[in-house]
Every structure is written in structure tokens, then in C-alpha cells.
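Take a look at the structure set out below.
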Amino acid sequence: MRLLETRTGEAARNFAASSPPFGPGLNTEQASQTETLEVWASSFKDEGFDFCEFRAFDPTGTLITTRRLAGY
């Protein structure tokens, strides 16, 4: 698995609220608390199905939620 992208601030909050397949589709409360959103993706070396994982963090760096979606 590799870190594909990191967004912060307003860009992270907007992206967090975007519905799949264009974002993780976090609920309004989670998206509004998001300060940093990391996008992790499986690679060809990983076993199993392809996926994209979104990790939302609040301003203190605490993980709010993780959402994993099938595919890239």
C-alpha cells in the first residue's frame, strides 16, 4: 500500500464530503472535522483485491475515520 495523495484544510473537507467514486463520502459531521485527508492505494505487489483507502484526521492529528473502497 502506498500514500497516493494528501489534502489539507478546505480542500480536504470538500474532498471528504464528495461521494464515491470521487471521494470517500464521509457524513457532514466527519467531513466538517477533517483537517487532513490521506488517500492510500493498493499496489500491484499487494495481495487480494485493489482498493483505495481514505484516512481523515482532525486538526490535532487524531484519526477521525477510515473508509476503504474497492478499486482505484
Side-chain angles (χ1 to χ4, degrees):
M1 187 161 63
R2 64 188 176 94
L3 179 60
L4 188 63
E5 181 179 356
T6 302
R7 295 188 187 191
T8 59
E10 192 63 30
R13 287 184 284 282
N14 290 336
F15 189 45
S18 298
S19 298
F22 304 108
L26 301 185
N27 65 43
T28 304
E29 182 179 347
Q30 292 171 329
S32 69
Q33 295 174 9
T34 300
E35 180 60 28
T36 303
L37 188 75
E38 295 178 347
V39 182
W40 291 80
S42 59
S43 66
F44 293 116
K45 296 177 184 178
D46 295 329
E47 293 184 23
F49 297 101
D50 296 330
F51 64 87
C52 190
E53 184 174 288
F54 300 89
R55 299 177 185 176
F57 299 89
D58 72 9
T60 68
T62 302
L63 181 66
I64 298 169
T65 189
T66 300
R67 171 112 1 122
R68 185 178 281 199
L69 303 173
Y72 286 111

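- Taking the salt bridge (Lys or Arg N to Asp or Glu O under 4.0 Å) definition, one finds that Arg67 meets it with nothing, sequence neighbours left out.
- Listed by chain and number, the residues in a ring-ring contact (aromatic ring centres under 6.0 Å, His included) with Phe57 amount to none (sequence neighbours excluded).
- Looking at residues two or more places apart in sequence or on another chain, you find a side-chain contact (heavy atoms from CB on, under 4.5 Å) between Ala17 and Ala31.
- Applying the side-chain contact (heavy atoms from CB on, under 4.5 Å) criterion to Thr66, with sequence neighbours excluded, gives Glu53, Arg55, Leu63.
- Listed by first and then second residue, the salt bridge (Lys or Arg N to Asp or Glu O under 4.0 Å) pairs that reach into residues 24-37 are Arg13-Glu35, sequence neighbours excluded.
- Not a single side-chain contact (heavy atoms from CB on, under 4.5 Å) links Thr28 to another residue, sequence neighbours left out.
- Atom-to-atom distance recorded for Asp58:CG and Thr65:OG1 is 12.0 Å, nearest 0.5 angstrom.
- Of all heavy-atom pairs between Thr34 and Thr36, the closest is CG2-O, 3.6 Å.
- Grouping Ile, Leu, Val, Met, Phe, Trp and Tyr by side-chain contacts under 4.5 Å, direct or through others, leaves Ile64 on its own.
- Sorted pairs that involve residues 19-28 and meet salt bridge (Lys or Arg N to Asp or Glu O under 4.0 Å), not counting sequence neighbours, are lacking altogether.
- Taking all atoms of both residues into account, the shortest heavy-atom contact from Met1 to Phe51 is SD-CE1, 3.4 Å.
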Show which side-chain atoms of residues 18-25 pair as donor or acceptor with protein atoms under 3.5 Å away, not counting sequence neighbours.
unit_1, atom_1, unit_2, atom_2, d
Ser18, OG, Asn14, O, 3.1

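- Within the model, atoms CG of Asp50 and OG of Ser42 stand 4.5 Å from one another, a figure rounded to the nearest 0.5 Å.
- Residues Val39 and Phe15 have side chains in contact (heavy-atom distance under 4.5 Å, counting atoms from C-beta outward).
- Residue Phe54 holds its CZ atom at 12.0 Å from CD of Glu38, rounded to the nearest 0.5 Å.
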